[in-house]
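Notes to accompany the following structure.
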Amino acid sequence: TSTPVADKEKEKEPVVVLVIGMAGSGKTTLMQRLNSYLHSKDKPPYILNLDPAVSHMPYAANIDIRDTVDYKEVMKQYNLGPNGGIMTALNLFTTKFDQVLGFVEKRAQTVDYVLVDTPGQIEIFTWSASGAIITDAIASSLPTCVAYVIDTPRTTSPATFMSNMLYACSILYKTRLPFILVFNKIDVEPHDFAIDWMKDFEAFQAALEERGRDENGESYMNSLMGSMCLVLEEFYNNLRAVGVSAMTGAGMKEFFNAVEECRQEYLKDY
Ligand code: GDP
Ligand code: MG
């Protein structure tokens, strides 16, 4: 339905990378790394910080939620705990998100990448109305993908790996956006084991069952695991996986290749 001219316009648009992941997986450190990598290349990215509670931000954001809302004030005013404060701060910010998007769109022709950092606790973004509203608003305006950051050294046990992949799968399902699994901290633990498990689900199932036998003999667990492995096999078909170190800068080229694939997927499918 779009004209060739409109397609040309689309190609000039930047890709938005939503950086999502469990607390401590390294989202903010990765933001800093991506930022410095792009600075060393040609064009600096446009950066949004959506974490109201980040205490040390190692990069400069173009738009920072903390400039609009002070979550500690929100906590006091509404008599909330930290998570309630962060959630409410995000809700308040979301009411202004059309303006934020306006700023991003104004700069859209001059940048190649828009990077978005999200709150430390993953569910504040992935299981809130605000997170969904912000994601939809961005994704309906510009090519968008999700970079799901994984703490590789902490996901070497098959059961943790399974949980983390199922969580990632739920985010893919909710957002339906082009998706990258970003195995971070490969300076501490290479992600080869993860790639092996993703390629060969029988090997993964064997690793899981090994553990299942140690802890309980329930056979329904084994059959549940078998089913979940099949779900994940299907999930893996729909995404890309890269290993990076936000600390050392390893894997940046692979990361941006994956983002480029995501841009193509978005332009084709959305
Ligand atoms: P966030 O909560 O997802 O934003 O995580 P942070 O970026 O704040 O990082 C959490 C911790 O992991 C910090 O202590 C970082 O220094 C550390 N970290 C992040 N990326 C890496 C990495 O690639 N390698 C190593 N060794 N540590 C990392
Ligand atoms: Mg962070």
Practice problem: May I ask you to say whether K72 pairs ionically with D70, meaning some side-chain N is under 4.0 Å from a carboxylate O? | Solution: no
Self-check item: Name of the residue among D67, T118, I65 meeting side-chain contact (heavy atoms from CB on, under 4.5 Å) with N49
Solution: I65
Self-check item: side-chain contact (heavy atoms from CB on, under 4.5 Å) partner of I134, chosen from L50, V100, L101, V116
Solution: L50
Quiz item: Taking C-beta and beyond as the side chain, do C229 and L232 meet within less than 4.5 Å on heavy atoms?
Solution: no
Self-check item: Minimal non-hydrogen separation, G85 against M75, with atom names
Solution: CA-CG, 3.7 Å
Quiz item: So which residues get pulled into I186's cluster when ILVMFWY side chains under 4.5 Å apart are joined, directly or through others?
Solution: none
Practice problem: Provide the full list of side chain to side chain donor-acceptor pair (under 3.5 Å) pairs with a residue in residues 77-87, sequence neighbours left out, each pair given once. | Solution: none
Quiz item: Can you check whether I150 reaches M22 side chain to side chain, under 4.5 Å on heavy atoms?
Solution: no
Quiz item: So, for G26 and A246, which heavy atoms are closest and what is the spacing to 0.1 Å?
Solution: O-CB, 4.5 Å
Exercise. Mark yes or no for whether S227, through its side chain, and M225, through its backbone, hold a donor-acceptor pair below 3.5 Å.
Key: no
Quiz item: Has the side chain of S141 got a donor or acceptor atom that lies under 3.5 Å from a matching backbone atom of A137?
Solution: no
Practice problem: Please examine the side chains of L230 and F235, heavy atoms only from C-beta on, and report whether any two atoms are closer than 4.5 Å. | Solution: no
Quiz item: How long is the span from the NZ atom in K43 to the CG atom in D112, to the nearest 0.5 Å?
Solution: 4.0 Å
Quiz item: Any sub-3.5 Å donor-acceptor pair from T155's side-chain atoms to T152's backbone N or O?
Solution: no
Quiz item: For D151, which residues count as a side-chain hydrogen bond (donor to acceptor under 3.5 Å, both in side chains) partner, sequence neighbours excluded?
Solution: K185
Quiz item: How would you list, by chain and number, every residue that makes a ring-ring contact (aromatic ring centres under 6.0 Å, His included) with F204, sequence neighbours excluded?
Solution: F161, W197
Quiz item: In the hydrophobic clustering (ILVMFWY, side-chain contacts below 4.5 Å, transitive), which residues join V242, or is it alone?
Solution: V15, V17, V19, L30, M31, L34, Y37, L38, I47, V54, M57, Y59, Y113, L115, V149, I180, V182, V244, M252, F255, F256, V259
Quiz prompt | Side-chain heavy-atom pair V111, P45 within 4.5 angstrom cut-off | solution = no
Quiz prompt | Results of side-chain hydrogen bond (donor to acceptor under 3.5 Å, both in side chains) for T28 - residues two or more places apart only | solution = D117
Practice problem: Kindly indicate whether the side chain of S128, heavy atoms from C-beta on, has any atom under 4.5 Å from the side chain of L90. | Solution: yes
Quiz item: What pairs meet the side chain to side chain donor-acceptor pair (under 3.5 Å) rule with one or both residues in residues 237-253, with sequence neighbours excluded?
Solution: D187-S245, R240-E261, R240-E265, S245-T248
Quiz item: Atom CD1 of I122 and atom CD1 of I124: how far apart are they, to the nearest 0.5 Å?
Solution: 11.0 Å
Self-check item: For the student: nearest non-hydrogen atoms of K27 and G120, plus distance
Solution: NZ-O, 3.1 Å
Exercise. Evaluate whether atom CZ of R154 has more than 12 neighbouring non-hydrogen atoms of other residues, nucleotides or ligands under 6.0 angstrom away.
Key: no
Exercise. Provide the closest heavy-atom pair for L142 versus T144 in the form atom of the first, atom of the second, distance.
Key: O-OG1, 2.7 Å
Exercise. Report yes if the side chains of R263 and C145 come closer than 4.5 Å at any heavy-atom pair, otherwise no.
Key: no
Practice problem: For the residue pair M87 and N91, establish whether any side-chain heavy-atom pair is separated by less than 4.5 Å. | Solution: yes
Practice problem: Report yes if some heavy atom in the side chain of Y46 is under 4.5 Å from a heavy atom in the side chain of L48; otherwise report no. | Solution: yes
Quiz item: With clusters built from Ile, Leu, Val, Met, Phe, Trp and Tyr whose side-chain heavy atoms come within less than 4.5 Å, directly or transitively, what are the remaining members of the cluster of M247, listed by chain and number?
Solution: none
Taking distance alone, no hydrogens or angles, what donor-acceptor pairs closer than 3.5 Å link side-chain atoms of residues 189-196 to residues at least two apart or in another chain?
{"from": "H191", "atom 1": "NE2", "to": "G243", "atom 2": "N", "distance (Å)": "3.4"}

N/O donor to acceptor pairs below 3.5 angstrom from side-chain atoms of residues 162-174, sequence neighbours left out:
{"from": "S163", "atom 1": "OG", "to": "A159", "atom 2": "O", "distance (Å)": "3.0"}
{"from": "N164", "atom 1": "OD1", "to": "Y148", "atom 2": "OH", "distance (Å)": "2.6"}
{"from": "Y167", "atom 1": "OH", "to": "T126", "atom 2": "OG1", "distance (Å)": "3.0"}
{"from": "Y167", "atom 1": "OH", "to": "W127", "atom 2": "NE1", "distance (Å)": "2.9"}
{"from": "S170", "atom 1": "OG", "to": "Y167", "atom 2": "O", "distance (Å)": "2.6"}
{"from": "Y173", "atom 1": "OH", "to": "R176", "atom 2": "NH2", "distance (Å)": "3.4"}
{"from": "K174", "atom 1": "NZ", "to": "T126", "atom 2": "O", "distance (Å)": "3.3"}

Exercise. If you link ILVMFWY side chains whenever their heavy atoms are less than 4.5 Å apart, which other residues fall into the same cluster as V188? By chain and number, please.
Key: none
Quiz item: By side chain to side chain contact (heavy atoms under 4.5 Å, CB included), which residues pair with Q99, not counting sequence neighbours?
Solution: K96
